[in-house]
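Predicted model, so just to flag it, every value in this text is computed and none were measured. Just so we're on the same page: letters track the sequence lines, and every chain starts at 1.
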Protein chains: 2
Amino acid sequence: MAKKKQSGEFHQMAVATDGVILTYDEKQIKVLLIKRRNAPFKGEWALPGGFVGNKETAEECAQREICEETGLKKLSLEQLCTISDPKRDPRGRVLSIVFMGFFRSGKTGPLAGDDATEVEWFSIHKLPKMAFDHSKIIKTGIKGLKNLLNIEGAAFELLAEKFTFSQLQTIYEEVLGAELDKRNFRRRFMNSGIIMPLNEVEKNVPYKPGRYYKLDRRMLKSEPGLMPIF
Amino acid sequence: MAKKKQSGEFHQMAVATDGVILTYDEKQIKVLLIKRRNAPFKGEWALPGGFVGNKETAEECAQREICEETGLKKLSLEQLCTISDPKRDPRGRVLSIVFMGFFRSGKTGPLAGDDATEVEWFSIHKLPKMAFDHSKIIKTGIKGLKNLLNIEGAAFELLAEKFTFSQLQTIYEEVLGAELDKRNFRRRFMNSGIIMPLNEVEKNVPYKPGRYYKLDRRMLKSEPGLMPIF
DNA sequence: ACAAAAGTGTTCGGAATACACCCATGT
DNA sequence: ACATGGGTGTATTCCGAACACTTTTGT
């Protein structure tokens, strides 16, 4: 008879969360990193995250850690994957549940942890050397973004409430890695009816000011909460 | 200064895997369940799975447990999600990493664990009462399947190497919950070039025998290993 | 002969593509 | 005046949707 599972054989392990927090800023998609204050990898850049407490879910843990380390609150978070390689953390076996989060462009808050951790947004094309396997995690996350764009309304999680067409288009171009035709792009969204024009245009720009639009959530077919990743 | 993370504060917890193993059989999509031999939920149906060992990854654990409990080996597995509700298991805190697996229709093996566990395929439309939160997990999995169909080639993971058009179409209809037009369906796949006809037809069927086809993997754009789920 | 599912073509409308010029603003 | 990005229309192609009858087999 094969090994029976009885208590005592349950290998306990530490469980952590990591957050890949994205935003759109200065025509780029950026990811939020913090500089580690402790060993291992002290001084290196890493994803915000930490160990899951006794009575919290993984998502609660991610929200808490992200808030403690970066000051950002109540982000919209989605589970990305769970990493279970026994040797990924030099301290011992640590499981990591990875979340992807979207921070609306524009409402840039304080960006400082309660203990003055260094926190910084990095363009996903210019990432620094990073702790653990965090580089790989981010690459996985970016790949997943491509699929997200197919989900109606996902791109808007990265934008401010009001946005111009060129901001929206740049997100698609950044993620898809390809240039898109302005006229066709505009037509597509106008026909879909999911965005509506506002009576407001850009100010103080050295070119013809662009009109602002906003997402019309009533027109979305899939509810936004259920946002499938990959 | 906020709570520092120092060893001793790491809450250790048990980590398990669960597998949602799907196949296509008798015009239905089915999921593989086992009858639990031990408390809790002794005698109830449950997803195959068990605790992650000291030196294995979650996927290795899932493969091992599925093999031990059902006899199926080397399934293609994809991570679905991780469940971290502190109260989901009456024995205490157990994290569960859920995998979705595809078992090729046709090569139906022994289907018996090494200790004569009861193992059975259930139509996803007629599921029994189940242990833990396994009902909910399966529902999540089925939803994810819809997205999978958009990924070129995903449906073929459920079919035997050779299959008829109506088998392929039935999978789409089952998952999408809608009837599809035969002619349009056939045209779509023929134009895509990802399937090729074989010189072989069904035998001993009381109707005009259907031709067999097979997937032409060279024509797939996305590599099959990287099969994004949700 | 009958039942059951396989197989086959055409028409139509909407969506995606390709493409080039003028417009409004700040400096 | 110039530099910068905003904004617009048309022709063409491609794809998905709708739709009904004949064919082959086992019983």
Side-chain angles (χ1 to χ4, degrees), chain A residues 24-28 105 146 149-153 155 159-160 162-214 219-221, chain B residues 24-28 105 146 149-152 155 159-160 162-214 219 221:
Chain A
Y24 173 81
D25 183 36
E26 292 172 355
K27 308 204 170 195
Q28 292 182 317
S105 160
K146 281 197 196 187
L149 287 188
N150 293 327
I151 314 289
E152 249 189 340
L159 286 168
K162 55 187 185 185
F163 51 85
T164 65
F165 250 107
S166 74
Q167 289 169 344
L168 182 58
Q169 182 167 346
T170 312
I171 289 189
Y172 275 75
E173 291 178 332
E174 274 269 300
V175 175
L176 298 177
E179 298 209 335
L180 302 173
D181 182 90
K182 242 194 303 183
R183 284 164 291 190
N184 296 335
F185 186 84
R186 177 181 292 261
R187 192 176 20 242
R188 196 171 116 200
F189 278 92
M190 292 313 271
N191 288 346
S192 78
I194 62 171
I195 66 175
M196 46 192 307
L198 301 176
N199 282 325
E200 191 182 350
V201 293
E202 289 175 295
K203 290 214 167 85
N204 292 318
V205 288
Y207 49 82
K208 179 173 173 180
R211 178 170 296 275
Y212 284 114
Y213 291 79
K214 69 169 195 173
M219 291 292 123
L220 289 177
K221 279 162 204 158
Chain B
Y24 173 80
D25 183 37
E26 293 172 354
K27 308 203 170 199
Q28 292 182 316
S105 161
K146 282 197 196 188
L149 287 188
N150 293 328
I151 312 290
E152 250 190 340
L159 285 168
K162 56 186 185 185
F163 50 86
T164 65
F165 251 106
S166 75
Q167 289 169 344
L168 182 58
Q169 182 167 346
T170 312
I171 289 188
Y172 275 76
E173 291 178 334
E174 273 270 298
V175 175
L176 298 177
E179 298 210 337
L180 301 173
D181 183 88
K182 241 194 305 181
R183 285 165 289 191
N184 296 334
F185 186 84
R186 177 180 292 261
R187 193 178 17 246
R188 195 172 116 199
F189 278 93
M190 292 312 270
N191 289 345
S192 78
I194 62 170
I195 67 176
M196 47 193 307
L198 301 175
N199 282 325
E200 192 183 347
V201 293
E202 289 176 295
K203 291 215 166 83
N204 292 318
V205 288
Y207 49 81
K208 178 173 175 179
R211 178 170 296 274
Y212 283 115
Y213 291 79
K214 71 168 193 173
M219 292 291 122
K221 280 164 204 157

Open item on the list: Could you go through B/Ile171 and B/Glu174, starting from their C-alpha distance and side-chain angles, then the distance that decides it, and tell me whether this counts as side chain to side chain contact (heavy atoms under 4.5 Å, CB included)?
Closed with: CA-CA 5 Å; B/Ile171 289 188; B/Glu174 273 270 298; 5.8 Å; no

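- For the segment residues 204-213 of chain B, residues with any heavy atom less than 4.0 angstrom from an atom of DNA chain C are, sorted by number, B/Pro206, B/Tyr207, B/Lys208, B/Pro209, B/Gly210, B/Arg211.
- Among B/Lys162, B/Lys214, B/Arg211, the single residue meeting the salt bridge (charged side-chain N to carboxylate O under 4.0 Å, His left out) criterion with B/Glu200 is B/Lys162.
- Residues satisfying the side-chain hydrogen bond (donor to acceptor under 3.5 Å, both in side chains) test with A/Gln169, not counting sequence neighbours, are A/Glu173.
- In this structure, A/Lys203 and A/Arg187 both approach DNA chain C, and ranking their closest nucleotides by distance from the 5' end singles out A/Arg187.
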Task: Dot-bracket summary - DNA chain D, pairs being Watson-Crick or G-U whose distances fall under 3.5 Å, with | when paired to another strand - done: |||||||||||||||||||||||||||

TODO: Show the numbers, then the answer: is there a side chain to side chain contact (heavy atoms under 4.5 Å, CB included) between B/Tyr212 and B/Thr164?
DONE: CA-CA 5 Å; B/Tyr212 283 115; B/Thr164 65; 3.8 Å; yes

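- Within the nucleic acid shown, B/Ser166 comes within 4.0 Å of sugar-phosphate atoms alone, with no base atom in reach, counting heavy atoms only.
- Between A/Asp181 and B/Asn191, the residue whose closest nucleotide on DNA chain D is further toward the 5' end is A/Asp181.
- Contact check, A/Arg186 against D/dG7: a side-chain N or O comes under 4.0 Å of OP1 or OP2.
- Within 3.5 Å, no donor on the side chain of B/Arg183 pairs with an acceptor on the base of D/dT22, nor the reverse.
- Legend: residues meeting side-chain hydrogen bond (donor to acceptor under 3.5 Å, both in side chains) with B/Gln28, ordered by chain and number and at least two apart, are absent.
- Contacts of residues 168-180 of chain A with DNA chain C (heavy atom under 4.0 Å): none.
- Of the listed residues (B/Phe165, B/Phe163, B/Phe189), just one forms a ring pair (Phe, Tyr, Trp, His ring centres under 6.0 Å) with B/Tyr213, and that residue is B/Phe165.
- The nucleotide range of DNA chain C contacted by chain B, defined by atoms under 4.0 angstrom from heavy atoms of the protein and reported 5' to 3', is C/dA3 to C/dT10.
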